[in-house]
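First the structure, in the form of structure tokens, and then the observations on it.
Just so it is clear: chains get the letters A, B, ... in the order the sequence lines come, proteins before strands, and each one is counted from 1.
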Number of protein chains: 2
Amino acid sequence: MSTTSLGLALLGLLHKRPASGYDLRKIFQSTPMAHYSSSPGAIYPALRKLEQQGLIAGAVDHRQTLRPRKTFRPTRRGTRTLEDWLAQPVTRDDVAFRLDELLLRFAFMANFPAAESTQSFLRDLARELAGYIDDLQRQLEALPLGPPPHPRLAVECGIESYRAHLRWARRALRHFELIETQRDD
Amino acid sequence: MSTTSLGLALLGLLHKRPASGYDLRKIFQSTPMAHYSSSPGAIYPALRKLEQQGLIAGAVDHRQTLRPRKTFRPTRRGTRTLEDWLAQPVTRDDVAFRLDELLLRFAFMANFPAAESTQSFLRDLARELAGYIDDLQRQLEALPLGPPPHPRLAVECGIESYRAHLRWARRALRHFELIETQRDD
DNA sequence: AAAAACATGTAAGCTGTTACATGATTGG
DNA sequence: CCAATCATGTAACAGCTTACATGTTTTT
């Protein structure tokens with residue numbers, strides 16, 4: 001029943017712009033979204049499943065071409081599913097295991113400008129990132145001082161990557177807060 | 001035929017210390033290696049496959065307990081497979097899609113102190129990270145200036161994360177170079 | 001003695017990969 | 001017209017998740 005990560009990615013793209021399976025594959029190949037598979041064996045079945053769930057609807061283009069070209073767009077239920085996903089709380093597990101998916105959610109919020117959800121998302125994200133960094137720091141302290149230095153260095157790499165994400169989240173939050181005060185003028 | 005990512009992770013852990021399936025699951029649950037699944041349905045079949053490939057060998061402990069406890073350790077072929085993996089060149093694709101796996105490789109190099117491979121690994125890693133950051137920068141420049149700012153911010157998040165990795169790799173490299181000169185004294 | 005945790009596994013089902021198939025359109 | 005590329009898929013298979021099964025040791 002539930003919608004997979006790939007399904008939500010497809011739903012988000014289709015909400016921005018209706019597209020065919022081939023269009024979507026090209027997007028996955030050519031943009032930073034390349035982390036999702038562009039293989040036909042993944043995308044076409046995922047589209048069919050979304051259609052069966054009533055989250056997207058396909059319309060066939062007959063104009064000017066013999067070969068039909070099927071263009072998909074989200075149904076109202078699909079849009080609601082997408083909004084629900086974007087509004088999910090940010091958990092520690094999301095931060096630890098699905099950071100990419102969180103960034104994807106953030107990117108898709110661009111198409112729902114009404115909500116102030118972007119700011120609360122970034123606040124929650126910053127809070128969970130800070131908490132997870134503390135966890136990692138504690139794991140680091142528990143490690144032997146070596147040699148070899150590799151285990152400590154590997155954990156330090158993770159910590160620094162998460163710190164970079166935290167700095168980014170705080171900067172992005174300031175950016176949106178600034179925009180808001182400007183708009184109030 | 002080929003060995004999966006999980007298989008290599010298991011092989012690396014068993015090279016450090018022979019262990020049973022349950023031991024390995026606990027490691028995956030309790031350490032920064034938690035990104036790999038700790039589900040029995042993943043680990044036990046993976047161990048059996050490694051055994052069938054002749055990369056690990058299981059020995060049954062009968063002492064003091066009715067229920068046998070099967071402890072695995074790598075065979076010579078398994079150790080060679082592990083070494084081959086650690087010695088693989090670092091590619092752009094590794095950096096873009098399998099950064100976690102690269103970090104795992106780095107961590108396992110702790111158990112092969114003979115090789116100076118750690119340093120060449122870090123040099124290659126830094127080079128590929130720098131190249132990939134350039135790619136992302138170009139993708140960023142190709143994006144519209146918005147609003148909404150989300151797409152650009154998302155790409156910037158990726159860039160900053162990769163920059164953090166690059167700084168780490170350079171620092172780690174200096175660390176090993178320093179150790180080497182100290183040892184030469 | 002009962003409950004909890006230890007330890008090892010299996011089965012069903014889903015997702016994604018790789019490789020292939022098929023016809024349509026476009027460029028030389 | 002032939003080749004390449006566009007566009008849409010299918011089939012076989014591998015791997016993982018979830019849920020369950022089973023017996024053992026330890027704790028209460």
Side-chain angles (χ1 to χ4, degrees), chain A residues 1-11 13-14 18-30 33-53 55-56 58-72 93 96-98 100-101 104, chain B residues 1-11 13-14 18-30 33-53 55-56 58-72 93 97-98 100-101:
Chain A
M1 273 306 108
S2 74
T3 311
T4 66
S5 178
L6 175 60
L8 292 165
L10 292 170
L11 210 48
L13 288 173
L14 291 175
S20 69
Y22 192 74
D23 294 337
L24 293 164
R25 286 185 62 198
K26 275 190 298 188
I27 292 172
F28 284 137
Q29 278 164 6
S30 65
M33 302 202 41
H35 285 255
Y36 288 91
S37 83
S38 65
S39 76
I43 287 180
Y44 290 108
L47 285 171
R48 214 173 319 127
K49 198 186 159 200
L50 287 172
E51 200 174 20
Q52 280 167 6
Q53 292 175 315
L55 303 181
I56 63 174
V60 178
D61 256 355
H62 283 294
R63 56 136 200 277
Q64 99 196 341
T65 167
L66 294 181
R67 174 98 187 207
R69 201 186 125 85
K70 204 168 183 184
T71 302
F72 295 94
D93 261 30
F97 300 123
R98 291 176 294 273
D100 291 351
E101 198 180 297
L104 190 67
Chain B
M1 273 304 108
S2 73
T3 310
T4 67
S5 178
L6 176 59
L8 291 165
L10 293 169
L11 210 47
L13 287 174
L14 291 176
S20 68
Y22 192 75
D23 294 335
L24 293 164
R25 285 185 63 198
K26 275 190 298 186
I27 292 173
F28 285 136
Q29 279 165 4
S30 65
M33 303 205 39
H35 285 254
Y36 287 89
S37 81
S38 65
S39 76
I43 286 179
Y44 289 109
L47 285 171
R48 213 173 322 127
K49 198 186 160 200
L50 287 172
E51 199 175 21
Q52 279 166 7
Q53 291 174 317
L55 302 182
I56 62 175
V60 178
D61 256 354
H62 282 294
R63 54 134 200 278
Q64 101 196 339
T65 166
L66 293 181
R67 173 102 188 203
R69 202 186 124 84
K70 205 170 183 183
T71 303
F72 295 93
D93 262 31
F97 299 123
R98 292 177 293 274
D100 291 352
E101 198 182 296

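Contact between Ala9(B) and Met33(B) at its shortest, heavy atoms only, is CB-CE, 4.4 Å. When all heavy atoms of Ser38(B) and Arg25(B) are compared, the pair lying nearest together is O-NE, 2.8 Å. Across all non-hydrogen atoms, the minimal contact from Ala46(A) to Leu6(A) is CB-CD2, 4.0 Å. Between Tyr36(A) and Ser5(A), the closest heavy-atom pair is OH-OG, 3.1 Å.
Rounded to an integer number of Å, the gap from CZ of Phe72(A) to C1' of dT8(D) is 10 Å. In this entry the distance linking CD1 of Ile43(A) with P of dC6(D) reads 16 Å, nearest Å. Here dG9(D) presents its P atom at 13 Å from OH of Tyr22(A), a figure rounded to the nearest Å. With rounding to whole Å, Leu47(A) atom CG is found 12 Å from dG16(C) atom P. Distance Arg48(B) CZ to dA11(C) C1': 12 Å, rounded to the nearest Å. When the P atom of dT8(C) is taken as reference, atom CZ of Phe28(B) falls 15 Å away, rounded to whole Å. Across the protein-nucleic acid pair, Arg25(B) atom CZ and dA7(C) atom P stand 11 Å apart, rounded to whole Å. Distance, Lys70(A) NZ to dC6(D) C1': 19 Å, rounded to whole Å.
Here the CD1-CZ distance, from Ile56(B) to Arg48(B), works out to 11.0 Å after rounding to the nearest 0.5 Å. Once rounded to the nearest 0.5 Å, the distance linking OG1 of Thr3(B) with CG of Leu55(B) reads 5.5 Å. The structure places CG of Leu10(B) at 7.5 Å from OG1 of Thr4(B), a figure rounded to the nearest 0.5 Å.
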- Mind running side-chain contact (heavy atoms from CB on, under 4.5 Å) on Phe72(B) and Leu24(B) for me, showing each step along the way? CA-CA 10 Å; Phe72(B) 295 93; Leu24(B) 293 164; 5.5 Å; no
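A donor-acceptor pair is defined here as one N or O able to donate and one able to accept, closer than 3.5 Å; no such pair exists between the side chain of His35(A) and the backbone of Glu101(A).
Contact check of residues 34-42 of chain B against DNA chain C (heavy atom, cut-off under 4.0 Å) returns Pro40(B), Gly41(B).
At the phosphate of dT8(C), OP1 or OP2 sits under 4.0 Å from a side-chain N or O atom of Ser20(B).
Tyr22(B) is not listed as a side-chain neighbour of Pro40(B), based on a closest heavy-atom distance of 4.5 Å or more. For the pair Leu47(B) and Lys70(B), the minimum side-chain heavy-atom distance is 4.5 Å or more.
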Identify each atom pair where a protein N or O and an N or O of nucleotides 13-15 of chain C are less than 3.5 Å apart, giving names and distance.
residue, atom, partner, partner atom, Å
dT15(C), OP1, Lys49(A), NZ, 2.4

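Comparing the helix axis at one end of the helix from dA1(C)-dT28(D) to dG28(C)-dC1(D) with that at the other, each defined from 5 consecutive pairs, gives an inter-axis angle of 20° (nearest 10°).
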